[in-house]
Amino acid sequence: MKFSTKLGLWFFFCILIIETGSMLFLHQNVVHSLVDNEMKSLLARGDSHRDVLEETFTDNTLQHIVLMESKTDTEVVVTDTSGRVINSSIAINNEIKSIIAPISNNNQIIETDWESQPYIATASPFSSNSGESGTVFMLKSTSQMKGLITDLNHHFGIAVIIILFFLVITNLVLVKLLTKPLVSMKEATKKINEGDFTVTLPVISKDEIGELANSIQTLASNLNYLQQERKEFLASISHELRTPLTYIRGYADIGQKPHLLDTQRMEYLKIIHEESIRVSTLLEDLFELAKMDQNSFSIVKEKIKLGEFLQLIFEKARPVFSNSGIDLQFYIKKECYVNIDPLRFEQVVQNILDNALKYSDGGTTTIKLSKQDNTCELTISDEGKGIPEDQIPYIFDRLFRVEKSRSRLTGGVGLGLSIVKEIVDAHEGELKVSSKIGVGTTVSILLKETQNK
Ligand SMILES: Nc1ncnc2c1ncn2[C@@H]1O[C@H](COP(=O)(O)OP(=O)(O)OP(=O)(O)O)[C@@H](O)[C@H]1O
Ligand SMILES: [Mg+2]
């Protein structure tokens, strides 16, 4: 059974029981005070007749009393002490006889059973100044009272139906209001369970239900963030693995060509060997990260001679560039010591070189290292297609490509420079790009020189 139905039924039955109980109590009280009133006024009327008779007990008075009662809905029977009827406003039949049995001297309510008896009755014994005594009986037909109470029941019935109607309406509205946030939370958790973390729950209230909705929302956002982070990380990993594998494939291709000098073949094999070590280091890193459940590479800095470091990369890249008809050059103006993670920083240089290679047709690409006021500046300039000026601010965004079709042809996905930026930021370095369409692009990285040489 649905929670809303259960809650609705609970509400309904609880309020129904309370309502029935109070209605019955009220009805009982109203009937009781109605009958009580009738009895009292009947007795008061009998008593006033008794007073009159005690003062002047004459035939005339008796006639007068009977005449008075014959005009009302009450009846009077006057008997003497032996129970003989002296006068009455009603014909005496057996029913009346059984009511007016002789009684003791006190004023009495002698018949109250309005439900099953034809009359309710009171008795007011008298003893006149002139020595006569007896009893004034007052009777009132119960049929009129029954009619009155039937009317009352009718009104109560209508009231009960109206209250029930409003009870059902209120119940439905209340249950809907109470269960609506619960239902939307159920839907949300179902979505989360199915892997869709983009749920949004409206802020309903500040109570426990509101807090619960808030927690679910936070949970979904966190999961969404984690999933996003994981996706981005996986994309970065594949990107980072792709570059060394491209080198390996490229040099394996070149190395297979006949008529190669042994020294050249050895050089290519060395590069293949180095790159395969890079791949396995990256994979080991990855394995460590998976164990630590982290979604980013850690940076392990060490003191590096930047010129030497770039020289190695330059030598590795030169054959690939010359294979594509690009002249790769390297200048060191001044050697510079920096604190960097060599594995991660090699990725930075390779990604920038990869762009120079992809987006140039011939020309020269220059790697340059210089130093100014304890700041090492590494620039890589190409003579390629260039980047439109208005697009430069976006090239570090993930998955951004200037010309979607051009990049697709060259196999780029728009991750290279975003990875570059991430790593340079992690080294507290500065990254600058200037470019001119048809002239070329220059990427510079500024790094603080380490003091402790
Ligand atoms: N040297 C460059 N010359 C011309 N355009 C460039 C150059 N470097 C980057 N770009 C432009 O900036 C975009 C983003 O570069 P990024 O390196 O991030 O991605 P990509 O090279 O397309 O793909 P990936 O590097 O992931 O293989 C490129 O698609 C390209 O349009
Ligand atoms: Mg790239």
Side-chain angles (χ1 to χ4, degrees), residues 225-226 228-244 246 278 282 285-286 289 294-302 304 306 309-310 313 317 336 338-360 365-370 375-382 384-404 406-408 410-436 440-450:
Y225 175 73
L226 272 180
Q228 205 60 29
E229 217 184 29
R230 184 139 292 207
K231 264 192 207 159
E232 287 180 7
F233 184 51
L234 277 176
S236 303
I237 291 167
S238 59
H239 193 276
E240 303 228 354
L241 288 174
R242 209 178 55 208
T243 329
T246 317
R278 240 172 87 71
L282 277 173
D285 255 21
L286 207 61
L289 288 171
Q294 271 189 15
N295 285 340
S296 58
F297 284 112
S298 49
I299 304 276
V300 187
K301 289 184 194 169
E302 57 186 272
I304 297 282
L306 197 52
F309 173 76
L310 291 172
I313 301 177
C336 206
V338 281
N339 246 337
I340 52 170
D341 179 336
L343 190 72
R344 314 287 299 131
F345 219 79
E346 183 166 348
Q347 190 65 40
V348 168
V349 182
Q350 279 188 350
N351 281 355
I352 300 170
L353 285 177
D354 179 51
N355 284 348
L357 182 71
K358 272 199 292 192
Y359 306 117
S360 309
T365 295
T366 318
I367 307 174
K368 207 161 63 187
L369 176 65
S370 59
T375 304
C376 313
E377 183 172 13
L378 154 69
T379 51
I380 296 170
S381 331
D382 63 51
K385 303 175 179 205
I387 308 164
E389 207 171 328
D390 57 333
Q391 310 252 358
I392 294 179
Y394 308 109
I395 54 172
F396 298 113
D397 293 352
R398 291 183 77 86
L399 307 180
F400 178 85
R401 293 168 301 171
V402 173
E403 268 175 55
K404 319 294 171 206
R406 176 174 88 184
S407 300
R408 212 180 299 129
T410 47
V413 286
L415 277 181
L417 287 181
S418 68
I419 294 172
V420 166
K421 173 132 182 65
E422 204 178 294
I423 301 173
V424 171
D425 283 349
H427 284 86
E428 284 128 29
E430 201 184 318
L431 188 62
K432 289 193 285 192
V433 175
S434 60
S435 186
K436 209 158 188 199
T441 307
T442 302
V443 183
S444 331
I445 297 170
L446 301 173
L447 287 171
K448 273 259 158 299
E449 189 184 24
T450 96

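Along the sequence shown, residues carry numbers from 1.
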With side chains defined as the heavy atoms from C-beta onward, is the minimum distance between L431 and F396 less than 4.5 Å?
yes
How far apart are the closest heavy atoms of D341 and V300, and which atoms are they?
OD2-N, 2.9 Å
Reported CD1-to-SG distance for the pair I304 and C336, which is rounded to 0.5 angstrom
12.5 Å
Please tell me if the side chains of K368 and S381 come closer than 4.5 Å, counting only heavy atoms from C-beta onward.
no
Can you find a pair of side-chain heavy atoms, one from K358 and one from N355, that are under 4.5 Å apart?
yes
Working to the nearest 0.5 Å, report the span between CD of E377 and CD1 of I445.
10.0 Å
R278 versus Q350: any side-chain heavy-atom pair under 4.5 Å?
yes
Restricting to side-chain contact (heavy atoms from CB on, under 4.5 Å), what partner residues turn up for Y225, sequence neighbours left out?
E229
Mind checking what makes ring pair (Phe, Tyr, Trp, His ring centres under 6.0 Å) contact with H239, not counting sequence neighbours?
none
Roughly how far apart are L241 CG and T246 OG1, rounded to 0.5 Å?
10.0 Å
Rounded to the nearest 0.5 angstrom, the CD1-NZ distance for I392 and K432 is 13.0 Å
Hey, what do you get for CD1 (I380) to CD1 (I352), rounding to the nearest 0.5 Å?
4.5 Å
Before you tell me yes or no, could you show the steps for V349 and L378 under side-chain contact (heavy atoms from CB on, under 4.5 Å), namely the whole-Å CA-CA distance, both residues' side-chain angles and the distance that decides it to 0.1 Å?
CA-CA 9 Å; V349 182; L378 154 69; 4.2 Å; yes
What one should report as the nearest heavy-atom pair of E346 and I313 is CG-CD1, 3.9 Å
Indicate the atoms forming the closest heavy-atom contact of T379 with S444, along with that distance.
CG2-OG, 3.4 Å
Rounded to the nearest 0.5 Å, the NZ atom of K421 sits from the CG atom of N351 at a distance of 14.5 Å
By salt bridge (Lys or Arg N to Asp or Glu O under 4.0 Å), R344 pairs with (sequence neighbours left out) E240
side-chain contact (heavy atoms from CB on, under 4.5 Å) against E428, all qualifying residues, sequence neighbours excluded:
K301
For T441, what residues pass the side-chain hydrogen bond (donor to acceptor under 3.5 Å, both in side chains) criterion, not counting sequence neighbours?
S435
Can you say whether the rings of F345 and H427 are parallel (under 30°), tilted (30 to 60°) or perpendicular (over 60°)?
perpendicular
Which atoms form the tightest heavy-atom contact between V402 and P388, and what is the distance?
CG1-CD, 3.6 Å
I367 vs L353 side-chain heavy atoms within contact, under 4.5 Å:
yes
Applying side-chain contact (heavy atoms from CB on, under 4.5 Å), can you list everything that pairs with T375, at least two apart in sequence or on another chain?
L446, K448
Any donor-acceptor pair under 3.5 Å linking the side chain of S360 with the backbone of L357?
no
